[in-house]
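Encoded as structure tokens, the structure appears first; notes follow it.
Quick note: numbers below take in every heavy atom, side chains included, and nothing from hydrogens, waters or symmetry partners. All figures in this text were calculated on a predicted structure; none of them were measured in a lab. In what follows, every chain begins at residue 1, and chains take the letters A, B, ... in the order their sequences are listed.
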2 protein chains.
Amino acid sequence: MTKYQKQTRLLAAVDCIVFGFDGHTMRLLLIQRALEAERGKWSLMGGFVQPHESADEAAKRVLHALTGLQGVYLEQLHTFSDPARDPIERTLSIAYFSLIDISQYEKQLSEEYHAEWFDLSAAPRLIFDHNEMVAMAKEKLRYKAALHPLLFELLPKKFTLPQLQTLFEGVYETKFDKRNFSRKLLSTGLLVRQADKDMSASRKGAFYYKLNSKNYKAKFQDFLNLIPRTGAR
Amino acid sequence: MTKYQKQTRLLAAVDCIVFGFDGHTMRLLLIQRALEAERGKWSLMGGFVQPHESADEAAKRVLHALTGLQGVYLEQLHTFSDPARDPIERTLSIAYFSLIDISQYEKQLSEEYHAEWFDLSAAPRLIFDHNEMVAMAKEKLRYKAALHPLLFELLPKKFTLPQLQTLFEGVYETKFDKRNFSRKLLSTGLLVRQADKDMSASRKGAFYYKLNSKNYKAKFQDFLNLIPRTGAR
DNA sequence: TTTTTAATTGTCAACTGAACACTTAATATT
DNA sequence: AATATTAAGTGTTCAGTTGACAATTAAAAA
């Protein structure tokens, strides 16, 4: 078989930025690096792209292998290619970001794996350029979640409006007016109110909602303008 | 020096999608592939990432080498990694897209290089997954240009409102109401009317405008909502 | 002087967005 | 049993924006 002669081959890795929400703050999933050079330091979940898999497949595989996570939202973010980004050997890294509902996975994570959640605003220094990757992922999350109903990936299937608002407020680091917030979110037609309430957070209780998955798919590509231009209250 | 043993190294390439605007339609810059396997077929401008350059640097270098273009808008789009995307040998491709003012470069392109402009809606079949790359770039251009003042990259430094509107109409394949269009664009504070007119396209002539570069930088990251929700006329 | 053609400009009605506060439901307290 | 407490839920108003719509103006051509 013909090959491209005289060209240098490079290592290609994937790194996964995993965001979660615990009901109060945005969190970031990290592991302690297993390989030498910076072994034991905090790191994103990463691994090398294998000969017969695409980067998407590699990201899925690596995430599953290191955390047990499966079937989660996963999207390519950016490829990082500074020749000196990995001091051991030149390695391209294709970064992915993922959004998951913490409550669904936290037991599994703590028992079988040693990945840990960090408060996003208090994450430790990471190896290589991983802090830069996280910063870019945060920015993209804010950008995209302002236009598309993306943050639902971070909540359980049943959630309340106060939970949803707390999540938005965490992502945008601001407060929203709850009257305007609920009006806007309900007007999307994406939410279906359930008969039961979450009685754990208040005396009165808050009605549960579920996503209307038909409208969700249809409206995902619409521009929704979910975020007020000036923060309120 | 320590290396990562036992990992497969892969070829890494960059491919550049270059959009231009000729005053009437959106155009795509293509070259005829110089390497064997599909030699002579139409292709994006591509080349391999070299050992001591980042992908951004590689994209700049390749674009300049193949077309003479320099100092143009260039942004990473997506990394394409299907193991079978290049039949010769597995190659990752980091795709970039670029926006240029055709009039400024067309002589150079036709004389020194053999890159050619194609009408975007009538582009030929390209090698490998290049058509898929172009499709993704078109989508991203529409997405981003709806929110950010990006399309100015495609116009000369002095341009008229009718030119700008024709450009937007080309990108979004629709017609806008010119009264609403000019009101919206002028309200951004990005445009500065010049004293002279372009007399080449009409008897009355159309005033030239320039970008207010200070406001341009400040507002680039704002969300501008440049596109009407329903097409007019 | 009149005609032609494209550029430029204005109004109005509907909608959207943001500011703002009271009522209600359930439990806890007395 | 009545009252207090706490967070959930809900409406209105005003200002700004958007989109539908057509008449006027500037310059060259006839």
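The nearest whole Å value for the distance from the CG atom in A/Asp198 to the C1' atom in C/dA26 is 13 Å. Rounded to whole angstrom, the span from the CE atom of B/Met199 across to the P atom of C/dT4 amounts to 19 Å. For the pair A/Lys175 NZ and C/dA18 P, the interatomic distance rounds to 18 Å; values are reported in whole Å. Distance CG (B/Leu185) to P (D/dG19): 13 Å, rounded to an integer number of Å. If you take CZ of B/Phe207 and P of C/dA6, they are 18 Å apart, rounded to a whole angstrom. For the pair B/Arg179 CZ and D/dA20 C1', the computed distance is 8 Å after rounding to whole Å. One atom, CG of B/Leu186, and another, C1' of D/dT17, lie 16 Å apart when rounded to the nearest Å. One can place CG of B/Leu161 at 20 Å from P of D/dT25, the figure rounded to the nearest angstrom.
When each of C/dA6, D/dC21, D/dA8 is scored by its nearest atom to the side-chain atoms of B/Asp177, the top-ranked nucleotide is D/dC21. Set against C/dG10, C/dT8, D/dT10, the side chain of A/Ser182 has D/dT10 as its closest nucleotide. Considering only side-chain atoms of A/Arg203, the nucleotide from C/dA26, C/dC20, C/dA6 that sits closest is C/dA26.
Within the structure, a side-chain polar atom (N or O) of B/Lys184 is placed less than 4.0 Å from OP1 or OP2 of D/dG19. The side chain of B/Arg193 contributes an N or O atom lying less than 4.0 Å from OP1 or OP2 of C/dT9. Considering only side-chain N and O atoms, B/Lys197 lies under 4.0 angstrom from the phosphate OP1 or OP2 of D/dA27.
The distance between the ring centers of B/Phe181 and B/Phe168 falls below 6.0 angstrom. For B/Tyr73 and B/His148, the ring centers are positioned 6.0 Å apart or more.
Taking 3.5 Å as the limit, the base of D/dG9 and the side chain of A/Arg183 contain no donor-acceptor pair of atoms between them.
Ring pair B/Phe80/B/His78 is perpendicular by interplanar angle, where above 60° counts as perpendicular and below 30° as parallel. Using a 30° and 60° split on the angle between ring planes, A/Phe152 and A/Tyr216 fall in the perpendicular class, above 60°.
Contact annotation: the side chain of B/Thr79 approaches that of B/Ile94 to within less than 4.5 Å [non-hydrogen atoms, C-beta and beyond].
In this structure, A/Lys204 and B/Gly205 both approach DNA chain C, and ranking their closest nucleotides by distance from the 5' end singles out B/Gly205.
Among the heavy atoms of the strands lying under 4.0 Å from A/Lys178 is at least one base atom, whether or not backbone atoms are also near.
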